[in-house]
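For reference, the structure is listed below as structure tokens.
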Amino acid sequence: MAALEGRVAVITGAGRGIGREHALLFAREGARVVVNDLGAANDGSGSDAGPAQEVVDEIRAAGGEAVANTDDVSRWDGAAALIERAVSEYGRLDVVVNNAGILRDAFIASMGEAEWDAVIGVHLKGHAAVLHHAAAHWKERSKAGEQPNAAVVNTASASGVTVPNAGQANYGAAKAAIAALTLVAAAELERYGVRVNAIAPIARTRLTLATPGMGAVFAAGVTDASGHDLFDPSNISPLVGYLASADCPITGKVFAVQGGSIQELGGWSAVGEIETEGQWRLGDIAERLSGAAAPA
């Protein structure tokens, strides 16, 4: 039996790039897929129903089951409509893959409010809104005695959790927050039969090709000894498929994934300490903390 046989999955941002590869893999593995994509430009402007429908057509041509959805997940009501579409079309929901994203890069000193709000809205609010409405569905099923076996896979980024990228304060902040949201959601939703994990992928997409200082690297490509393209977005989807499968026991984890590498990531941790008895004096902190922070 295929790894995702009979599972109902919502995948956001699934019209292109990594999301498209997720949708195609899920369908090949037997899932029924709601392909969500607003069809916007890199910066979130505009809309186009074409990308989502094209992926659906490709899935159906291969014998799979899928429907298109173009709701805006950065809107609470848009996320609600997306989850309702899955439930009304297929009777339930088993998997959410939050993948939709945009870029509006700018240095902090010149970043406008609209640039900040748009990126936080699509990435962080888009994850939270879809997660909220999916969680409400699973909670209702659990309370009714039908305990789900459900999974959420969120999409963080190296830019937010491992390698700070100048010019991406909005994007990096959103992606770091998504990693934190993942851990909180994993703790909250376990009682309803829901596992929650996140990935921090590196692959060639419209967004990475448009990232200042990195686009040329992704365009040039990197291959392993066998000649395999390590930036191909299809490298990311097998991990997501496994995390979404009914038999996967993993929850509350964040994984970096690129090419043939999967790494489990850890969060903030103490790397040094100074202590005092009684109340701190600024002079003590200045002397001791500066010394602790000095390079070896």
Side-chain angles (χ1 to χ4, degrees), residues 1-41 46-73 78-102 122 126-127 130-131 133-134 137 148-155 197 199 201 203-208 228-229 231-248 257:
M1 186 175 72
L4 298 171
E5 191 68 42
R7 302 230 342 133
V8 176
V10 161
I11 305 175
T12 72
R16 305 180 178 98
I18 293 174
R20 174 180 176 274
E21 296 298 335
H22 293 343
L24 296 177
L25 181 141
F26 272 54
R28 288 196 304 270
E29 292 293 336
R32 293 170 285 178
V33 185
V34 180
V35 178
N36 165 265
D37 202 301
L38 182 62
S47 61
D48 180 2
Q53 189 58 52
E54 288 167 8
V55 174
V56 168
D57 292 343
E58 188 171 350
I59 289 172
R60 290 176 175 173
E65 293 186 61
V67 293
N69 176 274
T70 57
D71 283 302
D72 183 352
V73 296
L82 170 59
I83 299 305
E84 176 55 33
R85 178 67 193 279
V87 175
S88 63
E89 186 74 28
Y90 296 122
R92 69 176 195 281
L93 175 65
D94 302 305
V95 179
V96 165
V97 180
N98 279 314
N99 171 75
I102 65 170
V122 173
H127 272 63
V130 174
L131 182 57
H133 291 291
H137 165 74
N149 180 338
V152 176
V153 183
N154 292 327
T155 306
N197 295 288
I199 62 167
R204 183 186 306 104
T205 69
R206 290 191 307 159
L207 299 189
T208 55
H228 181 67
D229 181 359
F231 288 152
D232 191 318
S234 66
N235 295 323
I236 311 302
S237 301
L239 171 60
V240 176
Y242 170 64
L243 293 173
S245 64
D247 294 335
C248 175
V257 53

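None of these values were measured; they are calculated from a predicted model. All values below come from the heavy atoms of this structure, side chains included, with hydrogens, waters and symmetry mates left out.
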[X] side chain to [Y] main-chain N or O, any donor-acceptor pair under 3.5 Å?
{"X": "Thr12", "Y": "Asn98", "result": "no"}
{"X": "Thr70", "Y": "Ala49", "result": "no"}
{"X": "Asp71", "Y": "Val73", "result": "no"}
{"X": "Glu29", "Y": "Ala3", "result": "yes"}

Does the side chain of [Y] come within less than 4.5 Å of [X]'s, by heavy atoms?
{"X": "Glu89", "Y": "Arg32", "value": "no"}
{"X": "Phe26", "Y": "Ile59", "value": "no"}
{"X": "His22", "Y": "Val35", "value": "no"}
{"X": "Val130", "Y": "Asn36", "value": "no"}
{"X": "Leu24", "Y": "Glu58", "value": "yes"}

Which donor-acceptor pairs under 3.5 Å do the side chains of residues 78-87 make with protein atoms, sequence neighbours left out?
residue : atom : partner : partner atom : Å
Arg85   : NH1  : Ala68   : O            : 2.9

Please report the shortest heavy-atom distance between [X] and [Y], naming the atom on each side.
{"X": "Pro51", "Y": "Arg16", "result": "CG-NH2, 3.3 Å"}
{"X": "Ala23", "Y": "Val55", "result": "CB-CG1, 3.9 Å"}
{"X": "Val8", "Y": "Arg92", "result": "CG1-O, 3.2 Å"}

Within this structure, what is the CD1-CZ distance for the pair Ile11 and Arg20, rounded to the nearest 0.5 Å? 12.0 Å
